[in-house]
Amino acid sequence: MYKSFASPVLTNLDLDILPGEIHALMGSNGAGKSTLCNLITGIHPPNAGNMEFDGQPHAPATLKAAETIGIQMVMQELNLFPTLSVAENLSFSSLGGRAGLINHSSVVERARHMLAQLEMDDMDPETPVSALGVGHQQLIEIARAISQDVKLLILDEPTASLTDPQIETLFKRLNAMREKGVSVIYISHRMDEIARIADRVSVLRDGELVATLAIADAAPDTIVNLMAGELPEQDEHSSHKTSAETSAEVLLRVEGLSVAGSIDNVSFDIRAGEVLGIGGLIGSGRTELLRAIFGADKASGGRLKFASDGLSSSRLMQSPREAIAAGIGLVVEDRKDQGLLLGDTISSNICLGQLQGLSNRAGVIAADKEAAMATDAAQELQIKYDDLQQPVTQLSGGNQQKVLIARWLLNDLPILLFDEPTRGVDARAKASIQALLRELAAKGKAVVVVSSETDELIKVSDRILVMSNGRHAGEFNAADVTEEQLLEASFKHYSKAQHA
Amino acid sequence: ACGSEQPASTETAAPDAEKPVRVALIMKSLANEFFINMADGARAHQAENGGYELVVNGIKNESDLAQQVSLVEQMMATRVNVIVIAPADSKGLLPVVKRAMDEGIVVVNIDNKFDNAILADMGIRVPFVGPDNREGAKLVGDALAAKLEAGDQVAIIGGIPGAFNAQQRQLGFEDAMQAANMEVVSTQAADWEQAKAASVAGAILVENPELAAILAANDSMALGAVAAVRQAGKTDDVLVVGFDNISAANDLVQSGEMLATADQFGDQLAVFGIEYALQILASGDIPEDRKTPIELITK
Amino acid sequence: MHKIKLPWNSLGLVAVLLALVLFFSVSSEYFFTGVTFRTLANQIPTLTVIAVGMTYVLLIAGIDLSVGSVMALCSAVMGVVIADMGMPLPVAIAAGLVSGLLAGLVNGAVSARWAIPSFVVTLGMLEIARGGAYLVTNSETRYLGSAVEVIGSPIAALGVSPALILAILVVIIAQFVLSKTVFGRYMIAIGTNEEAVRLTGINPVPWKILVFSLCGLLAGLGGVFQLGYLQTADPNAGIGLELSAIAAVVIGGTSLAGGRGSVVNTFIGVLIIAVIQTGLAQMGVSEPSKRIITGAVIIAAVLFDQFREPVGKWLGARLSRE
Amino acid sequence: MHKIKLPWNSLGLVAVLLALVLFFSVSSEYFFTGVTFRTLANQIPTLTVIAVGMTYVLLIAGIDLSVGSVMALCSAVMGVVIADMGMPLPVAIAAGLVSGLLAGLVNGAVSARWAIPSFVVTLGMLEIARGGAYLVTNSETRYLGSAVEVIGSPIAALGVSPALILAILVVIIAQFVLSKTVFGRYMIAIGTNEEAVRLTGINPVPWKILVFSLCGLLAGLGGVFQLGYLQTADPNAGIGLELSAIAAVVIGGTSLAGGRGSVVNTFIGVLIIAVIQTGLAQMGVSEPSKRIITGAVIIAAVLFDQFREPVGKWLGARLSRE
Ligand SMILES: Nc1ncnc2c1ncn2[C@@H]1O[C@H](COP(=O)(O)OP(=O)(O)OP(=O)(O)O)[C@@H](O)[C@H]1O
Ligand SMILES: Nc1ncnc2c1ncn2[C@@H]1O[C@H](COP(=O)(O)OP(=O)(O)OP(=O)(O)O)[C@@H](O)[C@H]1O
Ligand SMILES: [Mg+2]
Ligand SMILES: [Mg+2]
């Protein structure tokens, strides 16, 4: 099979998926995994080659055609309707009852059933999707796909913004489906997941199939080697870590921060030279916490105290602009909606915040300086691109994420907040972003990282704060915390809330 | 091939032997029955008498001065010999008319008279063929006054504020009402539009239960006023008059739902204008203004 | 169990409407009378049904600039069918509605099929339909008199005209379709994320064509009402009507970006516009002041409506306490 | 190294323009003459500068419906300053431009500050500015004659009027600002994803206000040109101008959804509109046909322009082969 956009993306790919197997697809960002899935589901036509499905030649003209023969896909990017309710999103293509009327009760009933499959019984099916965080939205998409009558299920990075308990539930479902003979193509950058769930692994590199291995033969190192050669040298970072007791300078003290409806009285310190991890379940308020600190949303109470004025005066950020002036940056979680300029070029996206500095007094941008800045930044983060004047939408998801990080690194701020910075990023890039976070801390910056991956949190952080139901549920020293402790803390405030 | 480089008068004023005279008729609108009649009259005249080519143009929106100015320019570009124009504005068209005359084009003014002061200021004479709208409106107003008693309440619905005809007709109505001692309780604009007039008239009728008559500055608005009167159930109490004698209004006058309107003989207006222009082209002297008749139309 | 959301969403608008009515009632002794409301009832059907069509079009993130011209075309066709061809009213109405439907169909088909912005297509249609109206009538207004009177005159038993009843029925049905049917959900979904709709395996093109066709049909219905109201077919009718219709829809809180809107609120928007016009005309204020006040009120209405949520909550809390 | 994209993007439009010129040249012996082009040169400055302002507004995903009224207000102010107050031209021009700027500032401030759709705010301003124009002139046209002649009459040495030169300068500068400056990038960014801009620490509000103010200022400049062209200040000027301006911009390929557009293409859009109007007037076609043809050409131009990329590539390949 062969597919090309501006330049060839997939070449000479031969791959077969067996019934009742979970087939993992791995490869670095931009290797062509999503593109392959788009071919299978008829979103894009292949330029050459042929497919067979269930013994029949397979050349779906549209996604609909693929769905009617039992292929379902959860795409990497969210495709929900924010103004419609959860229930309506779940049954979107089969809302109809008699005479085109929506059968409200059966749609809601079906939604409950679908949500229950992923153990989300407590979600109200009538909430509009716009009120949900990204993680829940992702779950909605998964629930929609797995509830169909499906023979081949394609999951393109389904767990990118899920936390461990949800991943557990998802795996339970997948195992049950496998038993019924459903095939699954499972794309993920998380090595440990692959090892647990997959039967076989195929590795893509630059659009070519490098190898297909049984899971038993696929040690992480082997896969990584197949994907892209060596991982960057893993420094023994824990030795660099400042221990929680060290008296590193407090750059920012958050006191009693509250946001109406999501955050309740959260206090903690952000210290120079330290990575503070923030864990918690989906919807526990981590995103809101960062946004409130950054001034993107209005906090309803609390104080921020800055080292720059001796932690004495206190204020809340009224706008992101003010936060940046105070030295805080935020790499947002939802890059598509809130981060990137999707219609614009890679270079514009990287340099958006630096234009004032790239221009003369009359506001004319020095094109060569801009190009140089974008090139440097792109190289530093190893973004894979053809041309910096390419629309950013043509980049793979992981590379888009890097573009966003590149934008913020250019600001050189002392305090950087990262909301799920490695979501959808391949193992190699993830390692390099993690290393980057450490490096930033080593340079004396204060780094705050929200992550749904517990192992990542433990690996990259010095200290870990756990959020539970909008409240502070404990702080741990990353050097000696266990995953169980973190998980326990993340549930801490839920039961109480329900009893209250 | 630019005309202005040579002394213009020698080039354009005298028609070529082989090329027939080209006449441009420029009107305020070609989407209005009055001007359609005018154009039809001109075309009929041309078909009968021949001897000249006719180009007819109108603007899209009766108050769009700029578009009419550019129409004049475009006609200059097509090297017409004669422009017969019903100006959208009595002042705003004059600069371009002067330029046309400087190029040797014969210009005749119909329907709506150019501003005398500015004509004098520019030192040009443009013969006018057309009715006196103010006088015509007074005629209609007088006919109405004859049916009312002194002191009766009346309302005036005007055209687009500032449009010359709108002002003239409003003045004519006011002259007549003043002369007959009527009380004008409301004067509002409805931009020549039927639906707007209906809504304005409706409101006036509510506010003035004693209203005896509505004077509308054109027939479209009169039709709207009639509808409002009918819906208020006051067909027998409130008289409506209009202006222009479009066929729909004529029907209403005949059926008695409108009292009167005025006919300006649009079809003849253009014909007179063209004849004037051809006459000037032949003889070179500029005739006096010619006032065309306005006829009161009643049942 | 079901949450009733509408009342609080409409509340800001209703407050604006009431404030206007109150203001005019104080300013003019005749405003708050049955006659005024009968006058209003005669005027609003046309704008109402056209604004309903426009609501649907804006919901799918389109726009229809041609409604005024299409309305004129439809009443022109009806006028000619009755006056020149001597056909009975039902035939004329059918001809008018079909013309509207066809114009809308062309708008929808061209814009959806070739992915041309509907702004451009309907701007073209604005010119084309107006030309058509001139063509069929030969630019002459037709007086139809009693042939069409039945549409606009009050039914004795009810005291309101068939036009008003139909218009309100259209509002109710359109709101029902929007909030209770699959078609309604598709409109919202297309307006928020057309690509996602396509990826769900639903082809948005026919639905978009349907929406534009409906908008054309409703413009035709508006033409029928206009004919009944004025008893004349005027090829120059409805110039600038598209702006009034869009204004009503937007005042009603429908987003120009698509995906969010309410037909009932559009209707309140229509009422607000009609009340301002009637009120100012009754007060007989001068044309400049009329323009300035109208403009200011349009802005103020929407500005005030921004605060409908806090106001709604506050009022909701008050009401439930009692 | 840098890709020059503009030529191929403009190519489809230029082809449409040339096709129109060719068509009219064949249809009318007078079309392809110096006089016609001089006539066009007199007409286009006003629409050009207003369409440039509109391009910026559409780029940030706004809309400005008030340009026609604001233009009328500005020329009304200038007319009164010259004719009634007897002030010299420069003072009048300053007064006119300031009026435009203020109207734009209000549009921008109200819509950006309170996050009200610019459609509504500028619709309000459409009424308010028109009322203002009636108010200052007392609804009477002012004839200004030679006092303003200099603006529109050709400079001897160049053969073109200051108005045209200025208008073309505005196009060039605006294109430069759009493609080379920080402000230009911010406009594109705001039009693409305003929230992302805000979260990057750039407050979009002042930039949006700036864009609307510029649009108002350019409407004022359009008023100056109009004054020079007509030598008359007419409070009824520019009715419906907003639709022509938006049409020119959209024909030029600027997206109504914001984030994408080109000032140069807008200018070609203006030329296309002017050529259609001039050509049809010279042919003296009947009003209905004029309307229908205009509408059809607007749609066809954009339809054809959809294929500009394939056509551009094909032509590009041809040219580079030679
Ligand atoms: N619409 C498009 N136009 C041009 N190039 C594209 C387009 N979509 C994808 N590409 C390119 O195809 C390549 C493969 O992209 P794809 O999305 O399949 O990668 P991926 O393996 O899924 O990466 P990731 O792990 O980051 O999701 C990338 O280089 C990308 O830039
Ligand atoms: N726009 C919104 N409107 C209403 N509620 C919201 C909105 N955004 C978030 N919430 C709610 O606020 C709470 C905190 O959400 P937040 O996104 O901060 O959580 P999170 O821990 O970052 O989870 P996620 O992994 O989903 O991003 C959740 O209960 C969520 O449903
Ligand atoms: Mg991918
Ligand atoms: Mg989050």
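So that the names make sense, note that chain A is the first sequence line, chain B the second, and so on, each numbered from 1.
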Heavy-atom proximity to chain D below 4.5 Å, by part of [X]:
X	result
C/Val297	neither
C/Leu65	side chain
C/Leu256	side chain

How far does [atom1] of [X] sit from [atom2] of [Y], to the nearest 0.5 angstrom?
X	Y	atom1	atom2	value
C/Ile298	D/Phe119	CD1	CZ	10.0 Å
C/Glu127	D/Ile299	CD	CD1	10.0 Å
C/Arg130	D/Thr294	CZ	OG1	13.5 Å

So if I apply the side-chain contact (heavy atoms from CB on, under 4.5 Å) rule between D/Pro288 and each of C/Leu135, C/Asn138, C/Ile128, which one comes out positive?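 Testing each of C/Leu135, C/Asn138, C/Ile128 against D/Pro288, the sole residue satisfying side-chain contact (heavy atoms from CB on, under 4.5 Å) is C/Leu135.
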
So which atom in D/Leu123 and which in C/Ala247 form the shortest heavy-atom distance, rounded to 0.1 Å?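 Closest approach of D/Leu123 to C/Ala247: CD2-CB, 3.1 Å.
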
Search all heavy atoms of D/Pro117 against all heavy atoms of C/Val302 and return the closest pair with its distance.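 That would be CD-CG1, 4.4 Å.
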
Pair D/Leu126-C/Leu243, side chain to side chain contact (heavy atoms under 4.5 Å, CB included): steps then yes or no: CA-CA 11 Å; D/Leu126 178 154; C/Leu243 288 189; 4.0 Å; yes

